[in-house]
Asks: 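Here's a structure for you.
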Amino acid sequence: MKIIKAKDYEDMSRKAANIISAQVILKPDCVLGLATGSTPIGAYKQLADWYKKGDIDFSEVSTYNLDEYRGLSHDDPQSYHYFMRENFFDHINVDLNNTHVPDGSNPDAAAACSEYDRIVAAAGYPDLQLLGIGNNGHIGFNEPDDHFSKGTHCVDLTESTIQANSRLFDSIDDVPRQAYTMGTQTIMYARMILVVANGEAKAQAVHDMCYGPVTPECPASILQLHTNCVVVADEAALSLCE
Ligand code: GLP
């Protein structure tokens with residue numbers, strides 16, 4: 001694991017965008033694994049700015065997102081489908097037909113998840129997988145558990161995740177209780193992993209991810225076993241790692 005300390009959120013976002021941009025320049029038809037949450041928004045904005053300046057071209061890139069709430073339609077403003085268009089896809093020249101997010105609108109969890117596994121495998125898995133981290137150490141929506149997950153599956157969100165994500169909804173009752181998420185094993189198949197984290201609220205999770213025991217109680221800790229994992233975090237998120 002390589003840990004890169006950023007001064008603040010802007011610095012973290014630029015550094016992460018630089019790494020993603022290098023991937024796209026080196027391999028224009030690369031497969032990017034993408035994440036939602038507030039943390040990557042600054043990196044998406046920076047990439048969109050560079051696209052507008054003509055520095056980066058997404059026309060051949062294909063993308064696979066980590067997760068989606070179960071039960072939300074694609075045009076629901078709280079869905080991750082919507083989030084990705086709003087924060088990234090609508091601002092770059094990616095072909096929307098080459099962007100993929102698990103189908104939360106399909107009530108048949110087994111069908112939605114196995115279809116997602118099929119297309120991620122057919123794409124050859126991400127060249128670069130971008131990840132945020134939950135306060136409880138989750139990646140995608142792989143919550144703390146007694147085992148590491150494998151492929152895409154339906155999860156019951158923990159109270160702490162529902163609480164943390166409720167800030168983005170009108171009321172906590174509106175937060176979906178389930179999600180479809182790429183599994184931990186699939187995430188580990190990515191050839192490079194880039195984790196972004198900022199703020200004091202992530203300090204414990206970032207410490208446990210980087211230095212704690214490798215345990216499904218902190219799903220992100222498995223990234224210690226990945227051969228090409230880079231963490232870009234600001235000083236506050238790294239405050240327990242000194
Ligand atoms: C959600 C997403 C994760 C994300 C996490 C942290 O639960 N499923 O992929 O990493 O939130 O979000 P934030 O970046 O807003 O702290």
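Counting convention: from 1, in listed order, for ligands and their atoms alike. The shown structure was predicted, so the numbers you read here are calculated from the model rather than taken from an experiment.
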Asks: In terms of residue, atom name and distance, what is the protein heavy atom nearest to atom 6 (C) of ligand 1?
Replies: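 Here the nearest protein heavy atom works out to Ile133 O, 3.6 Å.
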Asks: For atom 10 (O) of ligand 1, which protein heavy atom lies nearest, and how many Å away is it?
Replies: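 Looking at atom 10 (O) of ligand 1, the protein heavy atom closest to it is Gly132 C, 3.2 Å.
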Asks: Side chain, backbone, both or neither: which part of Tyr69 comes within less than 4.0 Å of ligand 1 when only heavy atoms are counted?
Replies: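 Within the 4.0 Å criterion, Tyr69 makes no contact with ligand 1.
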Asks: Would you say the side chains of His138 and Thr161 form a donor-acceptor pair under 3.5 Å?
Replies: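 Present: a donor and an acceptor within the cut-off.
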Asks: Contact between Gly140 and ligand 1, counting heavy atoms under 4.0 Å?
Replies: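 Heavy atoms of Gly140 do come under 4.0 Å of ligand 1.
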Asks: Verify whether one side chain among Asn65 and His81 offers a donor that lies under 3.5 Å from an acceptor in the other.
Replies: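 Distance-only check fails for Asn65 and His81.
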Asks: Looking only at side chains, do Glu200 and Ser239 share a donor and an acceptor under 3.5 Å apart?
Replies: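 Not at all, the side chains of Glu200 and Ser239 share no donor-acceptor pair under 3.5 Å.
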Asks: Which atoms of ligand 1 are found less than 4.0 Å from any heavy atom of Phe141?
Replies: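 Under 4.0 Å from Phe141, ligand 1 has these atoms: 1 (C), 7 (O), 8 (N).
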Asks: Examine the side chains of Asn98 and Tyr64 and answer whether a donor and an acceptor come within less than 3.5 Å of each other.
Replies: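 No, Tyr64 and Asn98 have no side-chain donor paired with an acceptor closer than 3.5 Å.
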Asks: What protein heavy atom lies closest to atom 12 (O) of ligand 1? Include the residue and the distance to one decimal.
Replies: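 In this structure, atom 12 (O) of ligand 1 has Gly37 CA, 3.8 Å as its nearest protein heavy atom.
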Asks: Side chain, backbone, both or neither: which part of Asp67 comes within less than 4.0 Å of ligand 1 when only heavy atoms are counted?
Replies: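 Side chain only; the backbone of Asp67 stays clear of ligand 1.
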Asks: Using a 4.0 Å heavy-atom cut-off, say whether Leu131 meets ligand 1 through its side chain, its backbone, both or neither.
Replies: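 Looking at Leu131 and ligand 1, no heavy atom falls under 4.0 Å.
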Asks: Tell me yes or no: between the side chains of Thr158 and Glu143, is some donor less than 3.5 Å from an acceptor?
Replies: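 The answer is yes; a qualifying pair exists.
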Asks: Taking both backbone and side-chain atoms of Lys202, is any N or O found less than 3.5 Å from an N or O belonging to ligand 1?
Replies: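 By distance alone, the answer is yes.
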Asks: Can you report which non-hydrogen protein atom sits closest to atom 5 (C) of ligand 1, along with the distance?
Replies: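 For atom 5 (C) of ligand 1, the nearest protein heavy atom is His138 NE2, 3.6 Å.
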Asks: Nearest 0.5 Å, what's the CG-CG distance between Asn136 and Asp208?
Replies: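 Between Asn136 CG and Asp208 CG, I get 10.5 Å after rounding to 0.5 Å.
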Asks: In Å and rounded to the nearest 0.5 Å, what is the CG to OG1 distance from Asp146 to Thr215?
Replies: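 Going from CG on Asp146 over to OG1 on Thr215, the span is 9.5 Å.
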Asks: Are side-chain N/O atoms of Thr63 and Thr99 paired as donor and acceptor at under 3.5 Å?
Replies: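 Short answer, no.
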Asks: Can you tell me which residue and heavy atom of the protein come closest to atom 14 (O) of ligand 1, and the distance to 0.1 Å?
Replies: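 Of the protein heavy atoms, Thr39 OG1, 2.4 Å lies nearest.
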Asks: Can you confirm whether the side chains of Arg70 and Ser105 place a donor and an acceptor under 3.5 Å from each other?
Replies: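 Checked: Arg70/Ser105 side chains show no N/O donor-acceptor pair below 3.5 Å.
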Asks: Heavy atoms only: which of Asn198, Thr36, Leu168 lies closest to atom 4 (C) of ligand 1?
Replies: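 Nearest option to atom 4 (C) of ligand 1, by heavy atoms: Thr36.
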Asks: Counting only heavy atoms closer than 4.0 Å, does ligand 1 sit against the backbone of Ser38, its side chain, both, or neither?
Replies: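 Under 4.0 Å from ligand 1, Ser38 contributes backbone and side-chain atoms.
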Asks: Looking only at heavy atoms, is any part of Arg167 under 4.0 Å from ligand 1, and if so is it the side chain, the backbone, or both, or is it neither?
Replies: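 Within the 4.0 Å criterion, Arg167 contacts ligand 1 through side-chain atoms alone.
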